Structure formats: structure tokens, C-alpha cells
Amino acid sequence: MTVSTDGSRSLSIAVSLLVDGGLAILFIAVFCFLRTRLPFLFLVRPMRTSTTPTWMPKALSWISEVHAYTDEEIFQMCGLDALAQILFFRFGVRAFSMCALLAVSVLIPVNWFASTNFNNLERTTMANIPEQSHSLLAHVFCAYLFTFFILNELKNVNEKYCQYRVRSFDSRTARARTVLVQGLPPNAAPDTIVDAFRKVFPDTIEAHCTYDTELLRALLDERERVLTYLERAEHDVATGSTPLLCRVHRLLRRRDSMDLLKEPLVATNRNALQSARVLFASPAAARAYWQDRLSTLDSEIVRQRELAAAAPALQAAFVTFASPRSASIAAQCNMSSYPGLWLTKAAPEPRDVIWANLRFRNVEKRVREFVVFCVVFGLFILYAILMTFAASVTAIRSLTTHVSLLDPINNNSWLRGLFEGVISSLIVLILISLLPLILSWLGRSQGLVSYTYVQQFVLRRMYVFFIVNVLFISLISGTVFDAVFEIIDHPASIITLLGQSVPQTGLFFTSYVMLHAFVSFPADLCNFGPLFVLGWGLLFARTPREKAHAKKPLESSYAARVSSELFVLTVGLLYASVCPIIVPFVVVFFFVGETVYRYQLVHVWVPSAESFGQLWPQVHERVIASILIYHIVLIILFALKLAAIEGPLLAPLPIITLYALRHFNRFYIQSVKNLPLFDSPGPEQVSAAPQPDEVDVGSVLVNGEGRRASLWGHTTANASYVQPELAAPLEIRPIV
């Protein structure tokens with residue numbers, strides 16, 4: 001990260017652009033080749049017919065097709081969460097396109113002609129401007145325009161979000177008419193809950209209590225495994241094939257008089273020996289065993305359901321009303337004067353609920369929150385150490401003084417450019433790739449009751465992680481190891497080090513943005529991970545259910561992706577004045593991202609749940625935070641440049657941004673946080689037969705045979721809030 005005047009940074013940018021561009025062409029070519037050959041992976045929803053421009057190759061016709069979809073079509077097909085992602089990318093394209101015009105036409109010439117302290121691309125950064133130079137007035141002018149462009153586009157996105165957010169409160173769905181009630185008194189029953197709510201809301205229809213169904217869930221999971229083994233045995237009997245282990249057993253029995261099946265298989269014997277013996281059985285014997293085992297499990301599941309329904313209910317229930325108006329009022333009111341009792345909130349979608357976490361009491365939740373907080377804090381410390389080490393490793397010049405084996409890389413300018421321009425960014429991406437999975441697991445372990453809340457948990461912490469452990473560590477790591485004693489003696493000097501290192505790291509983050517735009521997005525388009533899993537699954541799949549499960553559609557993770565995109569927005573805005581050359585690449589990043597996401601959301605990804613835009617307020621707040629970070633860093637840089645006139649001119653910018661945040665929250669975000677009462681129909685306006693709250697992902701064809709999505713485990717959402725363990729049908733039989 002150290003500054004260099006010999007053009008090594010310029011060379012690293014050139015090498016990054018060359019390598020990343022080559023990989024982008026390769027990945028897009030692979031995608032165009034596989035897209036029509038593996039439609040169950042790349043075309044889950046078929047493409048519509050559209051007019052392709054004459055200048056565009058036929059293999060790239062999908063680009064014009066995905067950009068032809070309107071916001072209304074995306075909202076109807078994919079939901080508000082998908083539309084919010086597209087709006088965010090479009091916001092980035094429009095805002096940074098205007099910023100790029102200013103950066104290229106104003107800031108780059110101003111920085112270039114300010115002095116001759118640097119060569120090549122380093123001369124286009126703010127580091128080339130000497131102290132007390134009035135050239136910084138151009139940066140003040142552009143800072144105000146950048147802020148205006150970002151806030152104006154953010155206002156436009158908020159207006160459109162509010163329109164679709166109100167429409168997402170469909171009065172015909174069960175979600176719009178249901179609230180989640182927690183902190184119920186002991187031994188609460190559905191009838192008592194309905195009677196309590198009817199005192200305030202006469203249109204209360206029903207209440208669904210939750211029960212402890214952990215044992216029942218384990219039995220249902222075992223039933224799925226038994227059903228899989230039974231289908232394999234049915235397949236072997238129908239095709240006349242003999243499993244490998246059965247042939248091995250016959251060979252051993254013939255040679256050594258070894259017979260593992262001297263006694264008949266009994267389905268009620270559940271031990272390790274019995275499980276091993278059935279693997280060596282003939283297909284007919286295995287089929288009989290698994291049929292008996294399935295019948296035994298069905299009887300046990302029915303018995304456990306009766307026991308669970310008769311047991312005391314947990315302290316959580318879903319209350320459904322006849323109208324969304326009553327549900328909206330109930331979700332915002334205090335139902336009891338006792339703290340912790342009768343707590344209400346808008347119910348998540350049925351398929352969005354984490355049913356296992358509804359069993360936790362308030363005290364247990366507080367303990368889990370504290371434990372998870374400590375784990376997350378320790379995780380951030382660990383990642384700070386790893387990111388510091390990774391950032392210092394990429395400084396080849398400092399490493400060669402300690403590791404002589406790296407001299408060939410340091411002496412070769414192209415290898416050094418490849419190492420500093422590509423490898424450094426790649427190490428950062430590898431280090432952060434596992435973090436969303438870890439944070440998602442921690443969110444579920446904390447006891448959050450819906451996957452939307454888990455995504456909000458991940459988004460908040462991922463953004464802090466990116467700002468602290470990626471941005472801040474990358475800024476100071478190049479100088480901290482050389483000035484560690486100075487920081488110990490003068491802790492306040494870290495601000496000076498931060499201000500000095502910002503211009504030096506601009507080209508590094510330019511390489512980082514290029515890697516995201518030209519490598520990460522095209523790689524996501526190719527679905528290399530699912531492609532490997534698909535090949536591995538089909539290699540060992542024998543039954544139709546196993547083949548359908550291997551071909552199940554991909555699910556999207558909103559929080560993990562948008563946090564990375566927010567970080568690129570923060571980096572692009574932070575370096576828009578410091579290193580203006582990054583801004584055009586940020587525009588390319590958002591345009592490529594919008595193209596890839598449009599295709600994936602419309603044709604590939606099937607949402608596991610729909611939050612109806614609940615994550616957008618989190619994104620909106622972090623965009624404002626990125627603007628504030630940009631203002632604060634710019635003020636620090638002006639102070640280090642001894643800009644006595646230009647520095648105070650930036651003081652109103654944070655105030656303007658904070659006022660804009662207050663305005664947006666008051667007039668946009670808060671107005672649609674809950675269903676507006678004037679827009680909510682009353683009981684007399686609601687249809688007597690509301691439509692079910694479902695997304696028909698089962699309409700997706702599997703292997704051209706029209707098999708429903710329940711084969712892959714993606715069943716349609718229930719209209720009522722009954723626990724799946726208590727409502728899952730048992731009439732599913734083997735598919736041969």
C-alpha cells in the first residue's frame with residue numbers, strides 16, 4: 001500500500017485490467033455456451049421473445065432481453081426484494097455516471113496539472129496537489145455536486161420504493177392480516193388468545209399457537225431419508241440392477257461363508273448393525289425393509305403430532321384478522337401494561353418464519369444475544385488481524401527485505417504488478433467469502449424468528465466489517481508496520497497516517513472494484529459452485545427425486561450481496577475526489593451488476609422467502625453513512641493539506657446529509673414501515689375468500705416432466721400459520 005513514484009501502481013492497474021478483462025470474456029463465453037445447454041440451471045424461468053439489436057451478436061441477446069423488463073414486470077415476477085436490488089444498481093449507475101463526468105472533465109485535469117511530484121496514474125490523485133493549493137476549490141465544488149447527485153437519485157429510489165411497498169401489502173394474503181404475538185402467558189390456548197384480541201378487534205378470526213416440535217422434526221427428516229432409500233430400492237427392483245455392496249456381500253459369502261443376512265431384516269430394530277446389514281441386502285429385501293420402516297415412521301409421526309398438539313403451547317402465536325387494517329393497528333400497539341407480555345409485530349411470511357426459534361423465552365434470547373455479540377466481536381478482531389496480515393503481505397517491496405525468495409517477483413515488473421494488482425484483491429475476497437455464512441449461522445443461533453431478521457443481522461454487521469476490517473485496515477496497514485512506534489508514542493497520529501494513506505491506496509481499491517466488476521459478477525453468472533454440485537449430484541443420483549433435487553433452482557441471499565455492493569459504493573464515493581480514476585470503474589461495476597442481477601433474478605434465482613422490501617431501509621441508512629464517511633475523510637484530507645480557506649467550505653456538507661436522512665426517514669421510510677391506514681381496507685372491503693399467500697415456485701418444470709417443486713423441497717407457502725411439522729402431508733410415496 002505504500003506510495004511509489006516509479007509507476008508500479010500504474011503497472012498494477014494495467015495488469016489488473018488485462019487479467020480481469022480476460023477472465024470476464026472467458027466467463028461470459030462459458031455462460032453463453034452453457035446457458036441453452038443446461039436450462040434447468042441457467043433458465044429456470046424461460047426467456048421471452050424480444051427484439052435484439054442488429055449490432056449485437058446473437059449469443060449476447062440475453063443482455064438486451066433482461067434490460068427490456070420493466071420495474072412492474074420484475075415486481076410481479078420476482079417480488080419487491082428483487083426490485084429493490086435492481087433499483088439500487090440503477091441508482092449507482094445514474095449517480096456515479098454524473099459523478100464520472102465531473103471526475104474525468106474536472107478533477108483529473110486539476111490533479112494532473114497541480115504539480116509534478118508523481119508520475120503516471122499517481123499524478124491523477126489528490127496526492128499530487130501540494131499543500132495550501134487553491135486547486136482544492138475544484139474539489140470543494142465537485143464534493144457538493146457529488147453529494148447532490150447521490151441524494152437526488154436516492155430520493156428518486158425512495159419514491160419508487162414507497163409506491164411498490166404499499167402495493168406489497170396485498171389485502172388478500174394471510175401475511176397482511178396476521179401479527180406475531182410473543183410473550184404469551186403460560187398455558188395460553190388459541191381460544192383464549194382469540195377472545196383476548198376480540199375485546200379490541202372484533203374481526204379477529206383465528207390464532208395459531210406454536211409447539212415444541214423438535215422430536216417431530218427429527219422424525220420427518222428421518223422419513224425423508226427412508227423415502228430416499230425406498231425409492232432407490234424400488235428403482236433397483238424395477239431396473240433389475242444390483243447395488244455394489246450387495247454384489248460384494250455375495251462374493252464374500254461365496255468365498256468365506258460370510259453371511260450378514262442370516263437373520264431377516266426387521267424394521268423395528270434400529271441400531272448400527274441393522275443399518276449396515278440393509279446396505280448389503282438384495283433390492284427386494286431392502287424394499288421390504290424400507291416399506292416396513294416407512295409404515296413404522298408414519299405411525300410414530302401421527303402419534304407425536306397428537307402429543308405435540310396436546311402439550312402446552314409455547315409463548316408465541318400468530319393471530320389473523322379479517323382485515324389488514326386491524327392487523328396494522330395491532331402490530332403498532334401495546335397490548336399489555338406488563339413488560340414482556342403480549343408483544344406484537346407484523347408477522348413475517350409463513351415460509352420466512354424460523355419455527356424452531358419461536359420456542360425461546362425472553363431471558364434465553366437475551367443470553368443468546370450477549371453470547372452472539374461476544375462471538376461477533378471476537379470474529380471481527382480475528383478478521384482484523386487476518387486482513388492486516390493480508391494487506392501487509394501484498395507489499396512486495398517490504399517483504400523482500402525479510403524474504404529473499406520473493407526477489408524474482410520484485411525484480412520482474414509484470415509479476416510485481418500481477419501480485420499487487422490482482423493477488424492482493426483476491427486475498428481480500430477469499431477472506432471475506434465465508435463471513436456471510438458464519439454471520440447467518442450466528443443470527444439463527446441468536447434466536448431471530450425469521451430469515452428476514454437474519455438478513456438484517458448479516459447486513460448490519462457485514463457493512464461494519466467492510467468499513468472497519470477492509471477499508472480502514474487497508475488504509476493503515478501499509479504504514480502502520482513502518483510507524484508502529486510513532487503510533488504508540490503519539491496515538492493521535494493515526495489520524496494523520498489515515499489521511500496520508502488515503503491517496504496512496506486509491507489505485508489499490510481501483511483494482512478491487514475492477515476485480516468485482518470483471519470477475520466476481522461474470523463468475524456469479526456462470527454459477528460455478530452450483531454447477532459443480534449439480535455434476536456431483538447427478539453422478540450419484542439414481543431416482544427421479546434425487547435427480548430433481550440435484551436440479552433444484554438456486555436461492556438468492558440479499559444481505560450478503562448488498563453489503564459488498566454497499567462497500568463498493570462507499571469506496572467509490574470516498575475516492576471520487578481523492579482518486580477520480582476509480583469513478584468510471586464504479587459505473588461499470590453497477591452496470592455489470594445490474595445486468596447480471598436482472599438475469600439471475602428473472603431466470604435463475606428462486607427466493608427462499610420474501611421480506612417485501614424490509615431490507616431497503618437498512619440499505620438506505622448505509623448509503624447515507626457512506627456519504628458522511630466521504631465528507632469526514634475529505635475534511636481530514638483538506639486539513640492535512642493546510643487548506644485554511646477550502647476546508648471550512650466543506651463543513652455544511654455533513655449537516656446537509658443529516659438533514660436529508662431525517663427528511664427521507666420521515667417522508668418515505670416511516671410512512672410505509674407499516675400499512676397506511678387510509679390505504680388499508682376494512683373488514684367490509686376484504687373479500688370473503690382471500691387468496692392464499694403463496695409463490696408458485698412449483699410451476700417450474702423439472703427435467704421437462706412437469707414435476708412439482710415439492711420434489712426439491714420448495715413447497716408452496718401455506719396460507720395459514722400452522723407449523724410445517726404439524727401440517728406436512730404424509731401421503732407422499734416413492735416416485736419411480
Side-chain angles (χ1 to χ4, degrees), residues 71 74-75 78-96 98-99 146-169 346 452-467 471 556-574 576 586 589-590 593-594 597 601 610-632 653-676:
D71 293 341
I74 293 177
F75 175 74
C78 309
L80 184 55
D81 286 342
L83 179 59
Q85 297 182 62
I86 299 301
L87 291 176
F88 176 72
F89 277 106
R90 189 187 306 160
F91 153 78
V93 171
R94 292 180 176 178
F96 280 96
M98 294 181 287
C99 294
F146 288 168
T147 304
F148 171 76
F149 292 154
I150 298 291
L151 293 179
N152 182 63
E153 287 300 325
L154 194 60
K155 177 185 73 70
N156 296 335
V157 174
N158 280 326
E159 290 177 351
K160 182 156 290 190
Y161 165 76
C162 290
Q163 297 173 7
Y164 286 101
R165 171 69 174 168
V166 173
R167 291 179 55 187
S168 69
F169 291 102
T452 296
Y453 298 154
V454 172
Q455 289 189 351
Q456 292 175 347
F457 174 90
V458 173
L459 176 58
R460 288 192 293 267
R461 284 147 186 84
M462 281 291 292
Y463 183 77
V464 174
F465 166 82
F466 274 117
I467 297 302
L471 180 60
S556 59
S557 177
Y558 186 8
R561 298 176 183 275
V562 77
S563 56
S564 176
E565 294 141 16
L566 278 169
F567 175 68
V568 172
L569 182 143
T570 304
V571 168
L573 190 56
L574 174 62
V586 175
F589 168 86
F590 280 106
E594 181 183 2
Y597 270 53
L601 289 168
E610 175 71 24
S611 70
F612 301 94
Q614 292 187 40
L615 286 176
W616 171 250
Q618 306 281 339
V619 177
H620 165 265
E621 292 177 357
R622 277 142 190 84
V623 172
I624 297 294
S626 300
I627 301 175
L628 291 174
I629 292 173
Y630 164 61
H631 293 159
I632 294 172
L653 282 178
I655 300 175
I656 295 173
T657 304
L658 290 174
Y659 177 79
L661 173 63
R662 178 178 178 272
H663 172 77
F664 291 156
N665 282 337
R666 181 178 178 183
F667 288 93
Y668 297 111
I669 304 300
Q670 295 297 328
S671 63
V672 293
K673 182 179 180 180
N674 296 285
L675 177 63

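Computed from a predicted model, the values in this text were never measured in an experiment. When a residue number appears, it is its place in the shown sequence, counting from 1.
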Parallel, tilted or perpendicular: which fits the ring planes of Y659 and H663, with parallel below 30° and perpendicular above 60°? parallel
Can you find a heavy atom in the side chain of D71 that is under 4.5 Å from one in the side chain of L87? yes
If you look at every heavy atom in Y668 and C162, which pair is closest and at what distance? O-SG, 3.4 Å
Please test L459 against L566 for side chain to side chain contact (heavy atoms under 4.5 Å, CB included), starting from the C-alpha separation and ending with a verdict. CA-CA 10 Å; L459 176 58; L566 278 169; 4.1 Å; yes
Nearest-0.5 Å distance that lies between atom CD in Q85 and atom CG in D81: 7.0 Å
I86 CD1 to L601 CG distance, which is reported to the nearest 0.5 Å: 5.0 Å
Are the side chain of R461 and the backbone of F457 linked by a donor-acceptor contact shorter than 3.5 Å? yes
Looking at every non-hydrogen atom in both residues, tell me the closest pair between F146 and A576 and how far apart they are. CE1-CB, 3.6 Å
Nearest heavy-atom contact between G613 and Y161 is O-OH, 2.9 Å
Determine the sole option in V157, V623, V93, L154 for which the side-chain contact (heavy atoms from CB on, under 4.5 Å) test with F88 is passed. V623
Out of curiosity, L80 CG to W616 CH2, how far, rounded to the nearest 0.5 Å? 10.5 Å
Please identify which of these residues, Y463, F466, F589, meets the ring-ring contact (aromatic ring centres under 6.0 Å, His included) condition with F567. F466
How many angstroms lie between OG1 in T147 and CD1 in I656, if you round to the nearest 0.5 Å? 7.5 Å
In Å and rounded to the nearest 0.5 Å, what is the CZ to CZ distance from F96 to F91? 7.0 Å
Could you check whether any side-chain heavy atom of H620 comes within less than 4.5 Å of a side-chain heavy atom of N665, counting everything from C-beta outward? yes
Spacing of L661 atom CG and T657 atom OG1 [to the nearest 0.5 Å]: 9.0 Å
Check whether any side-chain heavy atom of L573 sits under 4.5 Å from a side-chain heavy atom of I629, and report yes or no. no
If you take all heavy atoms of P654 and H631, which pair is closest and at what distance? N-ND1, 3.6 Å
Are I627 and L151 close enough that some pair of their side-chain heavy atoms sits under 4.5 Å apart? yes
F590 side chain near R94 side chain, heavy-atom distance below 4.5 Å: no
Nearest non-hydrogen partners of E610 and C78, listed with the distance: OE1-O, 3.8 Å
Is it the case that the side chain of R622 and the backbone of Q618 share a donor-acceptor pair, with hydrogens and angles ignored and the cut-off at 3.5 Å? yes
Smallest heavy-atom separation, L615 atom then T452 atom, equals CD2-O, 4.3 Å
Side-chain donor-acceptor contact under 3.5 Å, E565 with Y597: yes
